[in-house]
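Predicted model, so just to flag it, every value in this text is computed and none were measured.
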Amino acid sequence: MKRFYQMGLIVTVISVLSLVSCGVHSKNSYLKEFESFVDKVENTDFDTEAEWNEALKEYERFTTTYYEEYKDKLTEEDLVEIGRLQGRFMKASMTRGAKFIEKNFNDAMQQASGLLDGLFEENEDEE
């Protein structure tokens with residue numbers, strides 16, 4: 001029984017350490033995780049609006065929650081880096097928006113073609 005308790009305690013400690021070691025827990029990890037996030041956004045084709053909304057929420061955490069937590073520790077160089085990362089994210093957002101507009105335009109053109117076919121299609125009743 002004592003051994004079982006010790007194993008449970010070890011598993012719990014390892015789990016807690018794993019959670020603490022992941023994510024943003026210092027100024028340096030904030031900057032590294034923000035850059036990693038932006039890299040991911042630049043290299044991901046978001047298939048659904050829900051996926052994109054999750055990315056926007058994560059961006060919001062980096063630019064508000066985490067920023068507020070570490071802003072007093074940020075150097076001028078850090079602030080320039082954060083601005084650069086925000087610019088890269090905005091560029092990726094605009095690229096995604098352009099692709100979305102292009103896809104919707106192409107879909108609309110295909111539907112318009114079908115609409116015209118439907119309008120000018122001769123009906124068997126009309127013959």
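With ring centers used as reference points, F37 lies under 6.0 Å from F62.
To the nearest 0.5 Å, atoms CD (E69) and CG (L74) are separated by 11.0 Å. Rounding to the nearest 0.5 Å places CZ of R61 at 11.0 Å from CG of L56. Note that the CG atom of N28 and the CD atom of E33 stand 11.5 Å from one another [nearest 0.5 Å]. Taking CZ of F46 as the start and CG of N53 as the end, the distance is 10.5 Å to the nearest 0.5 Å. Interatomic distance, S26 OG to K32 NZ, rounded to the nearest 0.5 Å: 7.5 Å.
With hydrophobic clusters built from ILVMFWY side chains whose heavy atoms lie under 4.5 angstrom apart, Y67 does not share a cluster with V80.
Of the options K71, K27, K73, a side chain to side chain donor-acceptor pair (under 3.5 Å) to D78 is made by K27 and by none of the others.
When every heavy atom of V38 is checked against every heavy atom of F89, the shortest pair comes out as CG1-N, 4.1 Å.
The environment of E68 atom CD is dense: over 12 non-hydrogen atoms of other residues, nucleotides or ligands sit within 6.0 angstrom.
With contacts defined as side-chain heavy-atom distances shorter than 4.5 Å, the pair E58/F34 does not qualify. Within the 4.5 Å cutoff, the side chain of L31 has no heavy atoms near those of the Y70 side chain. In this structure the side chain of S93 reaches within 4.5 angstrom of the side chain of W52, judged on heavy atoms.
Checking D39 against S36 by side-chain atom types alone, no donor-acceptor pair falls below 3.5 Å.
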Next item on the list: Please step through salt bridge (Lys or Arg N to Asp or Glu O under 4.0 Å) for the pair K57 and E60, ending with a clear verdict.
Entry: CA-CA 5 Å; K57 287 178 189 175; E60 184 79 17; over 6 Å; no
Next item on the list: Please lay out, stage by stage, how Y59 and T64 fare under the test side chain to side chain contact (heavy atoms under 4.5 Å, CB included).
Entry: CA-CA 8 Å; Y59 177 75; T64 56; over 6 Å; no
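Considering only residues two or more places apart in sequence or on other chains, R84 meets the side chain to side chain contact (heavy atoms under 4.5 Å, CB included) condition with E35, E81, R88.
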